[in-house]
Amino acid sequence: MSPRREVAQKERRLRRARFIERYLLERDSADRQKQDAAIADWVLAPAERLIRTEYWDRRGTGHESCAKKTDTLDPVFVVPLPMSPFRTIKFRLIALGVALIVLGVLVRLFVMLPAVRDRVHEVVAEAQLSIAAYVAGDIGRSLQRRSDLVGELAGTLPPALLQQPEQLAAWLGERERLNPLFARGLRVLRPDGALLAQSPKAAEHAHLPTTPALSEAGWFSTALASAVVISTPRRDGFEGRPVTVFAASVRDAAGRVLAVLAGESRPDVGGFLEALQQARLGASGGFLVIFPAGRLFIASDDPMMALQPIPDRDRSPLLERALTGRPGADIVIDAQGIEALAAIAPVPGTDWLVVAHRPTGEVSQPIAELRRLLWHNSFATIIFLLLVMLVFLPRLLRPLTTASRALREMAEGERELAPLPVTRRDEVGDLLLGFNSLVGRLNEKEQALLQTLEQLDELAGTDALTGAWSRHRFHEVVGREIERSRRYLRPLAVILLDVDFFKAINDRFGHGTGDEVLQAVAECLRGVLRKPDSLTRWGGEEFLALLPDTDLESALALAERARAAIFAHDFEGVGRVTASFGVAELGETESRDEWIARADAALYRAKKAGRNLVEADRTALGRPAAHGGLIQIVWHPAFESGNPQLDAEHQGLFDEINALWVLIVAERPFEELRVAIDALFDNMVRHFYDEERLLQHIGYPDLAAHVQLHEALTRQAAVLIKDFSGGRGDIGALFTFLARDVVAHHIASKDRDYFPYVRSENGGSEDGEIGA
Ligand SMILES: Nc1nc2c(ncn2[C@@H]2O[C@H](COP(=O)(O)OP(=O)(O)OP(=O)(O)O)[C@@H](O)[C@H]2O)c(=O)[nH]1
């Protein structure tokens, strides 16, 4: 259905419900009562269906029998699909917790750790730079000490000794002993490079060629030209050991060069670089001394690299920068191809550089440990969180899960709609309070709806649950039955019954099952009652059977059969159910209410006596003896026209004439006769009217003549009744006119002329009622 039509339909229902409400409020007025039947037809029936359906839907008791009887209206509740475990709050909270932890880990891994690593590198680089600068300073001082010594010796060497080689050698030996800074001793060379004298240590190495060869030695020519010179370390030609020469010229007073004093030092053994070559920076870092201008490693923690040329691949941006005089610290790829943090500092007084290097892997070791710790920590946190959530969340959410289970059961009709206990004053408590107040309001509405339903049942005449008559209908009918019973002196009895312990059935099996029991009880009763008997839903679980033409003994027998039928019935899901019965026959003069009160008293006694019993009330027994032998007008099937309504009206007039005769014979008071005659006249006139409408409807050709007959009979009856009422007329004449002229001559004779027309038309409308 389109949304528009849906809305329109709902509005229509609403208007109808409002109309009913208004109607119910106002219907006490006399005028309204006349409209009951019509309204029940065109308004109340659909409205009742609507309200009843919504009522049962809302009760959600799965009351199928009732729901089946009603139109298919939109369901009020849509039962949700089963909840996926991934949509539960528990799962979402756990997922949120894990997501937050993972997010935290990722942030720490990819944002914080790199920042920390960079900062650690910076700090380590600064420290390494300081170390490099310190080492470079130390090397510079060692070199300086040696240069100073060579310069001092050259300056203090007596020129006269140059002519006395032996004394010169002794002098050198003496100096060497005092300052053993040159591992390969001291030598004095003539300006042409020839050896003049040498110290004992130098003599030990005399078998070695001069290192480096003077012809190639830049240091010698430099020493001739300037004060003190330090040669580039070179491997000696024989042992391949690194050697550095410190040299200074020996001059006379006029400043002429007389000789060159040279001290040879082994930087690696006992020299100024020995400690450096063995020193370690961290676990695997170390130091290098390089001579950038000569593209040479002067010293290295790797002995193989000492005095090796610097390969091009080692020329990192840092080295390039250092070569251009801007030392500093940076990440470089070292000679082994390993990423290292290198700090470069110049050696004062030389153009050498000290490199302090350390693999970045080692520098970043704390960061790697931190990362590992972070992973372990995160993993442990996730496990801990999961455990906490798995243990505590169910506890925390228990009120919510309990409430939602209860609500689902209520929605599915497995549980009575009722307030839920509020155990905590938190959000869930608030939710439950809201639900409970909603249930309260719903109950109020349900009560109002039930009342409306009962009123509707009253108006409709039938109880929707059991199909029995409503009290309203019973009261309409019972008056006529009492009248008929008294008129024809026929017995009339009622059976009042009440289902035993019905509250317990409701409490134990639910209202839905209780209703089914009531339906089954009604069925049992219907199976026992005869055609003219009627069954009324007297109250909640009380029924009343009205039994025309039945005396007390017969009613007792019937009640006993009904009791046995209920007792023998197997009520599905409930088992055995019993009922208690009270029976009373209408007394001669008692009112309707007195009569039913006696049946009720009998029922009460049956309950008191132990239930599942039939009790009779005989206190008002005694009716006038039947007037056997009286003349009666007897109905015959030949008088049937074929139209049920006309036939019913004809039969009613037969009955009323007979009843009038009984009253006349019984010499009932004038007033009683007058009431009966007035009623008979009214019914006769209404019948004529109905008959004429039908004849007009079917096109009866002699309608005009028939109408004239009706008018004549009506006129005549009115005159006779007026005379009788005024005390002038004779009741015998009036009765004779009514019995003979109206009933015998007209109804039983003249009316039969139109029977063929009625039969061929089937009496007007389909259900036999006289149409408009
Ligand atoms: N299911 C259902 N229950 C109803 C209906 N009308 C009334 N009732 C219930 O019927 C029960 C009647 O209980 P009581 O009056 O205490 O009588 P009982 O339990 O039958 O006990 P005794 O009559 O003493 O045997 C009440 O609980 C009413 O709520 C109805 O239409 N359907």
Side-chain angles (χ1 to χ4, degrees), residues 48 51-70 410 413-418 442-458 460-474 495-526 535-544 559 562-563 566-567 569 571-583 596-597 599-615:
E48 176 202 350
I51 291 175
R52 203 185 304 285
T53 306
E54 295 208 345
Y55 167 68
W56 288 117
D57 280 352
R58 280 185 199 288
R59 271 182 60 166
T61 52
H63 201 281
E64 285 165 9
S65 55
C66 193
K68 268 185 216 149
K69 281 187 214 152
T70 58
M410 285 182 201
E414 292 166 7
R415 185 177 173 153
E416 202 79 14
L417 186 65
L442 212 60
N443 280 339
E444 282 168 20
K445 293 217 168 190
E446 189 177 295
Q447 287 310 317
L449 213 54
L450 273 173
Q451 263 178 6
T452 310
L453 212 53
E454 278 166 17
Q455 286 167 320
L456 283 172
D457 281 345
E458 286 295 312
T462 318
D463 167 51
L465 181 65
T466 59
W469 284 2
S470 66
R471 268 195 191 218
H472 182 76
R473 176 110 176 251
F474 170 79
I495 302 174
L496 195 60
L497 67 113
D498 183 286
V499 182
D500 295 332
F501 302 119
F502 189 62
K503 186 170 181 308
I505 295 176
N506 269 340
D507 292 347
R508 187 158 165 218
F509 302 102
H511 266 75
T513 308
D515 288 353
E516 282 164 16
V517 167
L518 291 179
Q519 286 173 324
V521 166
E523 274 314 306
C524 288
L525 294 170
R526 276 194 208 97
L535 182 68
T536 298
R537 176 113 183 253
W538 194 244
E541 83 287 24
E542 266 188 310
F543 292 90
L544 181 145
R563 187 202 63 73
I566 293 172
F567 185 74
H569 186 81
F571 291 83
E572 205 183 323
V574 176
R576 198 179 292 292
V577 171
T578 62
S580 303
F581 295 72
V583 185
I596 291 169
D600 198 28
L603 168 60
Y604 180 72
R605 287 198 297 278
K607 288 266 181 193
K608 277 270 166 210
R611 295 181 175 79
N612 190 25
L613 290 173
V614 177
E615 278 286 330

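Predicted model, so just to flag it, every value in this text is computed and none were measured. Each ligand, and each atom within it, is numbered from 1 in the order the structure gives. We use all heavy atoms of the structure for the numbers below, so side chains are in, but hydrogens, waters and symmetry mates are not.
- For ligand 1, the atoms lying closer than 4.0 Å to a non-hydrogen atom of Asn506 are 1 (N), 2 (C), 3 (N), 4 (C), 8 (N), 9 (C), 10 (O).
- Among Val577, Ile505, Thr466, Thr513, the single residue meeting the side chain to side chain contact (heavy atoms under 4.5 Å, CB included) criterion with Leu518 is Thr466.
- With a 4.0 Å cut-off on non-hydrogen atoms, Arg537 touches ligand 1 through its side chain and not its backbone.
- Close approach of ligand 1 to Asp500 (heavy-atom distance below 4.0 Å) involves ligand atoms 20 (O), 25 (O).
- Checked options Asn612, Asp500, Val521, Val517; the residue passing with Ile566 is Val521 (criterion: side chain to side chain contact (heavy atoms under 4.5 Å, CB included)).
- With a 4.5 Å cut-off on side-chain heavy atoms, Gln447 and Glu444 do not count as touching.
- Taking any N or O of Arg611, backbone or side chain, at least one lies under 3.5 Å from an N or O belonging to ligand 1.
- A donor-acceptor contact closer than 3.5 angstrom is absent between the side chains of Asp498 and Ser580.
- Near Gly514, meaning under 4.0 Å from one of its heavy atoms, ligand 1 places the atoms 1 (N).
- When Ala579, Gly540, Ala464 are checked for heavy-atom proximity to atom 6 (N) of ligand 1, Gly540 turns out nearest.
- A donor-acceptor pair under 3.5 Å links the side-chain atoms of Arg576 to the main chain of Phe567, judged by distance alone.
- At under 3.5 Å, a nitrogen or oxygen of Val499, whether backbone or side chain, sits near a nitrogen or oxygen of ligand 1.
- In Asp515, the parts holding a heavy atom less than 4.0 Å from any atom of ligand 1 are both the side chain and the backbone.
- One option in His511, Lys607, Gln519 has a heavy atom closer to atom 23 (O) of ligand 1 than any other, and that option is Lys607.
- Leu449 contributes atom CG, which lies 9.5 Å from atom CG of Leu442 (distance to the nearest 0.5 angstrom).
- Side-chain contact between Arg537 and Phe543 is present, with heavy atoms from C-beta onward closer than 4.5 Å.
- Within the 4.5 Å cutoff, side-chain heavy atoms of Ile596 are placed close to those of Phe474.
- Between Ala504 and ligand 1, a contact under 3.5 Å exists for no N or O pair.
- With a 4.0 Å heavy-atom cut-off, ligand 1 is reached by the side chain of Leu518 but not by its N, CA, C or O.
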